[in-house]
There are 2 protein chains.
Amino acid sequence: MGDDTAVNPRHNKAEVFARLRDAHAREVTEDYVEMIGDLIAEEGEARSVALAERFGVTAATVNNTIKRLERDGFVTSRPYRSIFLTEKGETLAKKCRERHRIVYNFLVSIGIDPEIAEFDAEGIEHHVSEETLRVFEKVAKT
Amino acid sequence: MGDDTAVNPRHNKAEVFARLRDAHAREVTEDYVEMIGDLIAEEGEARSVALAERFGVTAATVNNTIKRLERDGFVTSRPYRSIFLTEKGETLAKKCRERHRIVYNFLVSIGIDPEIAEFDAEGIEHHVSEETLRVFEKVAKT
DNA sequence: TTTTAAAGTTAGTCAAGGCTAAATTGATTT
DNA sequence: AAATCAATTTAGCCTTGACTAACTTTAAAA
Ligand SMILES: [Mn+2]
Ligand SMILES: [Mn+2]
Ligand SMILES: [Mn+2]
Ligand SMILES: [Mn+2]
């Protein structure tokens, strides 16, 4: 028999959703490394109390997440001390900050209110492919 | 003392992330009702085997999710029978399908490859505010 | 230097959303 | 009518990401 794609177009939605689940698995990590980078830049160090405040979660939640990030090699931390990005964390943070900036600027450039753009960009950034990002960049600078 | 917003701009990022977490809590529900609607339209009924295939998850996962959707009033189902949308489910499905369409068309309209647009739209749709959606619509039809 | 307050940690709980393996039910063939 | 196969359900497990409450450590005030 073979390829039935022509007659019965295979609904290969599955790939699309697999990628979506992948993106979700990376979201919290991406937002954390970006925020840790911001805190180091703005305040000289990243304390968990500041992360908790900015994310609007409890200190316990931050603690859990930092342990996971450490396990995955994105940060280092010692008890009761502040948090540092590893090389790997730094690299990811940089990429995410840049991507976030492009998405935000794009939204504003097409006429979305900056306040709204801030909200939407925080979610959209994690679902934008490289290709789309390049188009956003180009559109924004016209 | 009072309002220190002017001197030390309060990082009210917390609101942004709260909304992001909210969106995530709704994502699976949104994709399910939309897909159930699609299946009913295309195949006459929504069976869990079809949902499992299209989402690329196991039958057990579909079962869990359908129970949750039922608990939350979006679908009805009877053992070993197909799945139906409630009024509430129908309404949400319609809204999501429309939103999905707008996001997809917008991406294509600014020059993104349809295949890529399909991937990205599946994630982006859940993070687009009403305001942004209106702008997408307007931009796409120019 | 002691006391107190803030920050961080630990323990235990929960829901969502995945999985596998095994049991059950319904539909199709023989 | 039985046997078989496909679909569905159930049971049990796991990780993530959230919470509260209680405890410990560090830093700041008295
Ligand atoms: Mn971000
Ligand atoms: Mn984000
Ligand atoms: Mn969709
Ligand atoms: Mn989607």
Side-chain angles (χ1 to χ4, degrees), chain A residues 13-36 39 43-84 122-123 126, chain B residues 13-36 39 43-84 122-123 126:
Chain A
K13 284 285 170 192
E15 271 181 70
V16 173
F17 289 102
R19 186 183 286 204
L20 183 61
R21 286 189 296 271
D22 250 46
H24 282 152
R26 272 181 271 107
E27 286 200 17
V28 170
T29 296
E30 292 179 346
D31 285 336
Y32 265 71
V33 296
E34 192 186 341
M35 190 71 90
I36 291 166
L39 284 168
E43 311 188 347
E45 63 174 348
R47 310 286 320 199
S48 46
V49 67
L51 288 168
E53 200 242 332
R54 295 211 185 174
F55 285 124
V57 297
T58 62
T61 297
V62 169
N63 218 262
N64 280 341
T65 306
I66 294 301
K67 280 210 203 92
R68 184 154 30 82
L69 295 189
E70 195 159 21
R71 182 201 64 190
D72 296 342
F74 294 105
V75 306
T76 58
S77 76
R78 288 187 342 280
Y80 299 97
R81 293 272 130 61
S82 67
I83 299 144
F84 301 90
E122 196 59 70
H126 308 280
Chain B
K13 284 286 172 194
E15 270 182 70
V16 173
F17 289 102
R19 187 185 285 203
L20 183 60
R21 287 190 294 271
D22 250 45
H24 283 151
R26 273 181 270 106
E27 287 200 18
V28 170
T29 296
E30 292 178 345
D31 285 335
Y32 266 72
V33 295
E34 192 186 340
M35 189 71 89
I36 291 166
L39 284 168
E43 311 188 347
E45 63 174 348
R47 309 287 320 201
S48 47
V49 66
L51 288 168
E53 200 242 332
R54 294 211 185 175
F55 285 124
V57 297
T58 63
T61 296
V62 169
N63 218 261
N64 280 341
T65 306
I66 294 302
K67 279 210 204 92
R68 197 175 47 254
L69 294 189
E70 194 159 21
R71 182 202 64 190
D72 297 341
F74 294 105
V75 305
T76 57
S77 77
R78 288 188 341 282
Y80 298 97
R81 293 273 129 61
S82 66
I83 298 144
F84 301 89
E122 197 58 72
H126 308 281

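Everything quoted here is computed from the prediction, not taken from an experiment.
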(request) Return the value, rounded to whole Å, for the distance between atom CG of B:Leu51 and atom C1' of C:dG18. (result) 16 Å
(request) Please state how far atom CZ in A:Arg47 lies from atom P in C:dT9, giving the value in whole angstrom units. (result) 9 Å
(request) Take A:Arg71 and A:Pro79, find for each the nucleotide of DNA chain D with the closest heavy atom, and name the residue whose nucleotide sits nearer the 5' end. (result) A:Arg71
(message) What contact category does B:Arg26 fall into here, base, sugar-phosphate, or nothing, at under 4.0 angstrom with non-hydrogen atoms?
(response) nothing
(message) Nearest heavy atom decides the nucleotide; on that basis, is A:Ser82 or B:Glu27 closer to the 5' end of DNA chain C?
(response) A:Ser82
(message) Between A:Thr65 (side chain only) and A:Thr61 (backbone N and O only), is there a donor and an acceptor less than 3.5 Å apart?
(response) yes
(message) Need one value for B:Thr58: base, sugar-phosphate or nothing, where a base atom within 4.0 Å counts as base even if backbone is also close, heavy atoms only.
(response) base
(message) Using whole Å, what does the distance between atom P of nucleotide D:dT9 and atom CD1 of B:Ile66 come to?
(response) 9 Å
(message) Go nucleotide by nucleotide along DNA chain C from the 5' end; which of B:His24 and B:Ala59 gets its closest nucleotide reached first?
(response) B:His24
(request) Would you mind classifying the nucleic acid contact of B:Thr61 as base, sugar-phosphate or nothing, using non-hydrogen atoms under 4.0 angstrom? (result) base
(message) Taking atom types as they are modelled, would you say the side chain of A:Tyr80 forms a donor-acceptor pair with the base of D:dT24 within the 3.5 Å cutoff?
(response) yes
(request) Map A:Asp72 and B:Arg81 onto DNA chain D by nearest heavy atom, then report which one ends up closer to the 5' terminus. (result) B:Arg81
(message) At 4.0 Å (heavy atoms only), tell me whether A:Val62 reaches a base, stays on the sugar-phosphate, or touches nothing.
(response) nothing
(request) Nearest whole angstrom, please: distance from the P of C:dA7 to the CZ of A:Arg78. (result) 19 Å
